[in-house]
Amino acid sequence: MNHQIRIGYFYHDLCNLYGDSGNVLILAKKLEQQGFRVTVDRLTADEPKKIESYDVIYLGSATERGLLIALMDLRKYRTPLAYAISHGTHILATGNSFELFGQKLIMGKKTHKALGLLDFSTLYERRIVNDLLLSDVVFPFSADGTQLSADEKFIGFENHSGSTVESSEKAFIDTADRKEGVVREHFIGTYTIGPLLVRNPVFLSHYVQSVIMRKDPSFVMKPMDLHLENAAYEASVKELSSDHKTY
């Protein structure tokens, strides 16, 4: 079995507003600690992208201008991206970048045709800025449908003008308090930024395991050292619980 994992970090310069690169750094580190050789290709617009060569593709949040530049470039890769999604390549798109994979972006009087790979659209209205502290979040990809226990929270931050409309996709978060994002196969799209994997160590561990199991289903996972991530998580939960409006 080839124990090399390739991560494609697309539009690292355009889609990196809120420390999004931290998701790539921590994912690579945790995979290396499991014994994998990890290659990270940081690619931007007009640079060739061999979609089929990546085990993980990551996109972060962007300005509206940066998002449209990325959209123009990604249109050249619509067919291999469709294949990647349908065949289980891990694609994580945080912030507004997941909007690119839907049907259209409705920005005031201007509508932009998106990639059309997932069945939802995005409507730009008022800006939403919130800290997130959520209960009852179920993680995608876990074989046992793992859900956070009652005393655990899912944390993050959102800052976006787009809202998901006309969606028939499974939501990434679907709780009594909130519904957002999309999930299909191993594609995750979410407005959660912050960055997502760094701030949620339980989700990080599930995501790392999912990437590895797709690469090598017989792989025996080593215990994952998350003591620093857990300490930061606990501090964030305490701060959000006491000082911020939460959802």
Side-chain angles (χ1 to χ4, degrees), residues 10-23 45 57-75 78 81-82 85 91-138 140 153-184 187-197 199-200 203 236 240 243-247:
F10 290 3
Y11 315 108
H12 63 95
D13 51 347
L14 298 172
C15 301
N16 184 20
L17 289 181
Y18 297 95
D20 302 283
S21 59
N23 286 314
I57 295 172
Y58 178 74
L59 300 89
S61 51
T63 63
E64 290 180 16
R65 177 179 179 274
L67 192 70
L68 293 177
I69 292 172
L71 175 58
M72 291 294 293
D73 189 66
L74 275 184
R75 283 176 177 157
R78 186 183 183 281
L81 281 170
I85 292 172
I91 302 176
L92 178 60
T94 59
N96 57 356
S97 63
F98 83 91
E99 298 170 355
L100 299 175
F101 295 84
Q103 299 297 315
K104 57 189 174 182
L105 304 170
I106 307 166
M107 297 178 168
K109 296 181 179 180
K110 184 76 171 180
T111 296
H112 301 273
K113 184 178 180 181
L115 297 175
L117 299 176
L118 299 173
D119 191 18
F120 73 95
S121 293
T122 301
L123 175 63
Y124 274 61
E125 298 179 298
R126 65 181 180 87
R127 179 160 294 278
I128 302 170
V129 183
N130 284 316
D131 286 306
L132 303 176
L133 184 64
L134 303 170
S135 302
D136 304 320
V137 173
V138 179
K153 305 292 183 181
F154 181 84
I155 61 176
F157 177 71
E158 63 177 343
N159 183 354
H160 58 97
S161 298
S163 296
T164 301
V165 295
E166 302 170 0
S167 177
S168 64
E169 302 290 347
K170 179 181 177 182
F172 170 61
I173 294 171
D174 191 353
T175 70
D177 299 321
R178 182 176 177 80
K179 183 172 182 176
E180 73 100 67
V182 297
V183 176
R184 186 192 291 186
F187 179 98
I188 290 179
T190 175
Y191 281 119
T192 309
I193 48 182
L196 168 69
L197 294 179
R199 300 190 73 187
N200 292 280
F203 179 66
S236 292
L240 290 170
D243 297 335
H244 293 269
K245 183 179 180 182
T246 56
Y247 296 82

Contact between [X] and [Y] at the side-chain level, heavy atoms closer than 4.5 Å - yes or no?
| X | Y | result |
| --- | --- | --- |
| Tyr11 | Leu74 | yes |
| Leu59 | Phe101 | yes |
| Tyr58 | Leu197 | no |
| Leu196 | Phe154 | yes |
| Arg178 | Thr175 | yes |

Quick check for you: to the nearest 0.5 Å, what is the distance between [X] atom [atom1] and [Y] atom [atom2]?
| X | Y | atom1 | atom2 | answer |
| --- | --- | --- | --- | --- |
| Cys15 | Leu67 | SG | CG | 6.5 Å |
| Leu123 | Ser161 | CG | OG | 10.5 Å |
| Tyr191 | Glu180 | OH | CD | 8.0 Å |
| Leu118 | Arg184 | CG | CZ | 5.0 Å |

Counting N and O atoms only, with roles assigned by atom type, does the side chain of [X] sit under 3.5 Å from a partner on the main chain of [Y], one being a donor and the other an acceptor?
| X | Y | value |
| --- | --- | --- |
| Gln103 | Ala114 | no |
| Ser97 | Gly60 | yes |
| Asp20 | Pro195 | no |

Can you give me the closest heavy-atom contact between [X] and [Y], atom names plus distance?
| X | Y | result |
| --- | --- | --- |
| Arg127 | Asn159 | NH1-OD1, 2.7 Å |
| Pro140 | Val183 | CG-CG2, 4.0 Å |
| Thr94 | Thr192 | CB-O, 3.6 Å |
| Lys153 | Leu133 | CB-CD1, 3.4 Å |
| Ile128 | Ser163 | CD1-OG, 4.3 Å |
| Leu132 | Leu240 | O-CD1, 3.7 Å |

- Message: Strictly by ring-ring contact (aromatic ring centres under 6.0 Å, His included), give each pair with a member in residues 111-136 just once, sequence neighbours left out.
- Response: Phe98-Phe120
